[in-house]
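Read the structure below first, then the notes.
So that the names make sense, note that chain A is the first sequence line, chain B the second, and so on, each numbered from 1.
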There are 2 protein chains.
Amino acid sequence: MSDTPEKPGTPDLQEPSLDEQIAVYQREFRDLDPQVEQIVSALGRLNRRMNVAYGRQVSDLGISNAEWEVLKTLVLAGAPYRLGPGELAKRLGLTPAAMTHRIDRMAGEGLVTRDRDESNRVRVIVELTDEGRTKWLAAMRMASDFEEELLQDLSGDERGVLGEMLIRLLRRVEHAQPDAGGRLTDLD
Amino acid sequence: MSDTPEKPGTPDLQEPSLDEQIAVYQREFRDLDPQVEQIVSALGRLNRRMNVAYGRQVSDLGISNAEWEVLKTLVLAGAPYRLGPGELAKRLGLTPAAMTHRIDRMAGEGLVTRDRDESNRVRVIVELTDEGRTKWLAAMRMASDFEEELLQDLSGDERGVLGEMLIRLLRRVEHAQPDAGGRLTDLD
DNA sequence: TCTGAAGACTTCAAAGCTAAAGTTAGGGTC
DNA sequence: GACCCTAACTTTAGCTTTGAAGTCTTCAGA
């Protein structure tokens, strides 16, 4: 542990307790449904904390959270683990420009290769290297241990119920991004 | 709507279906617990989508998601809605440097004021303006409508169960950030 | 009172992202 | 075959954030 150069990394979050937060919001905004607020706030906090945790874990492997996202996306594409920059950008929610730079970096680190598609020279093919796949696997092991530990208070039944409810929520947002006016549409 | 200059904004995410994703991961990584993966992936996706949605909503008010976060944090501090840059940074998970710049911008836009604390001139006090509070309220209304719509498939009982389970997960991560080795600690 | 040290920002340089403009290959249309 | 249009990146300029160094108070001790 003494040889780890103690990377500054993401700072710990310091938020007020969730109950406190909801109490203040109710005082400041009468229409608030505390049950809804509890769910939504807990979702947000949970994710922020988890992302901090993931970031710390993968940094031990010498990669950033951003790079890990790319590795995951390439593995999800299935063997031979290839995607174009444009497709990667869409799946990661980045602009193509950002993707270009990220691929530059990762190619320089040997995590992926970048080549022109010889059958259509407008296209570029980003492919996971063996080293990239190895890093993905190591990160995946750490992540799944962490996730199992996170969920250890929930029984198998509870996990099923939780998963099912989250999927229902997800269906609602995935098939219905708000339009410019900010309302959900296409929901039925 | 034609006068809105059609801000480019965040691109829509395009991820493979969750079932597909889990199937691929199971093929590539045998130790994976699909139930755990389902919960964790759904949590992540849900949050990404929600953040995109929030961002689009508040941009109609002329503020960014980042600015909205600051407004929320100041309101959470309670009247008279004051916090120092350092405290804000800790609660938002930013570096003090980033906080300085963000406050600059928001002060320029009239959302907050920034003054030296006369009783201790090392300190700075950031205070919500009336305009900032108004924007917060408007954003809050949009957000709570959106959240209610998001949860409309869940009954009151289900909401209670979901909230309770999320809180349990949150307790696990909040009181136990992984240490440098990446393991959860202090869990009992 | 002077000095040193700690604390709370702010400033600066560099990294990473977005938006918009620029390149280059492919595919139609006449 | 020449021309134009579109698609798929890449490049450029400007922001936002980070990490590290710098500035300005305040406070404790000599």
Quick one: [X] [atom1] to [N] [atom2], roughly how many Å, whole number?
| X | N | atom1 | atom2 | value |
| --- | --- | --- | --- | --- |
| B:R102 | D:dT18 | CZ | P | 8 Å |
| A:N120 | D:dT6 | CG | P | 18 Å |
| B:N65 | C:dC17 | CG | P | 18 Å |
| A:E109 | C:dG16 | CD | C1' | 13 Å |
| B:M99 | C:dT11 | CE | P | 15 Å |
| A:L92 | C:dC17 | CG | P | 10 Å |
| A:M106 | C:dC17 | CE | P | 11 Å |
| A:L94 | D:dA8 | CG | C1' | 16 Å |

Side chains of [X] and [Y]: donor-acceptor distance under 3.5 Å anywhere?
| X | Y | value |
| --- | --- | --- |
| A:D19 | A:S17 | no |
| A:Y25 | A:E20 | no |
| B:D117 | B:S119 | yes |

If we only count heavy atoms from C-beta on, is the B:L83 to B:V126 side-chain gap below 4.5 Å? no

When you look at B:R48 and B:E15, which way does the salt bridge (Lys or Arg N to Asp or Glu O under 4.0 Å) test go after all the steps? CA-CA 11 Å; B:R48 284 194 295 276; B:E15 298 165 300; 2.7 Å; yes

At under 4.0 Å between heavy atoms, what does A:P96 touch on the DNA or RNA strands: base, sugar-phosphate, or nothing? base

At under 4.0 Å between heavy atoms, what does A:R116 touch on the DNA or RNA strands: base, sugar-phosphate, or nothing? nothing

First locate atom CG of B:L150, then atom CD1 of A:I39, and finally report the distance between them rounded to the nearest 0.5 Å.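 B:L150 CG to A:I39 CD1: 9.0 Å, rounded to 0.5 Å.
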
Using the side-chain heavy atoms of [X], tell me which of these nucleotides is nearest: [options].
| X | options | result |
| --- | --- | --- |
| B:A97 | C:dT10, D:dG19, D:dT10 | D:dG19 |
| B:R105 | D:dT17, D:dT11, C:dC9 | D:dT17 |
| B:V122 | D:dT26, D:dT11, C:dT18 | D:dT26 |
| B:T95 | D:dG19, D:dA8, D:dT11 | D:dG19 |
| A:R121 | C:dC9, C:dA19, C:dG26 | C:dG26 |

Side-chain ion pair, A:R121 and A:E118, N-O less than 4.0 Å: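 So A:R121 pairs with A:E118 through a salt bridge.
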
Through what angle, rounded to 10 degrees, does the axis of the helix from C:dT1-D:dA30 to C:dC30-D:dG1 turn between its ends, using five pairs per end?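 Comparing the first five pairs with the last five, the axes sit 10° apart.
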
For A:E118 and for B:E87, find the nucleotide of DNA chain C with the closest heavy atom, then tell me which residue's nucleotide is more 5'. B:E87

Toward the 5' end of DNA chain C, by each residue's nearest nucleotide, B:G84 or B:H101: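 This one resolves to B:G84.
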
Hydrophobic cluster membership, B:I125 vs B:L92, 4.5 Å side-chain cutoff: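 No: no chain of side-chain contacts under 4.5 Å links B:I125 to B:L92.
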
First encountered from the 5' end of DNA chain D, between A:A98 and A:R123: A:R123

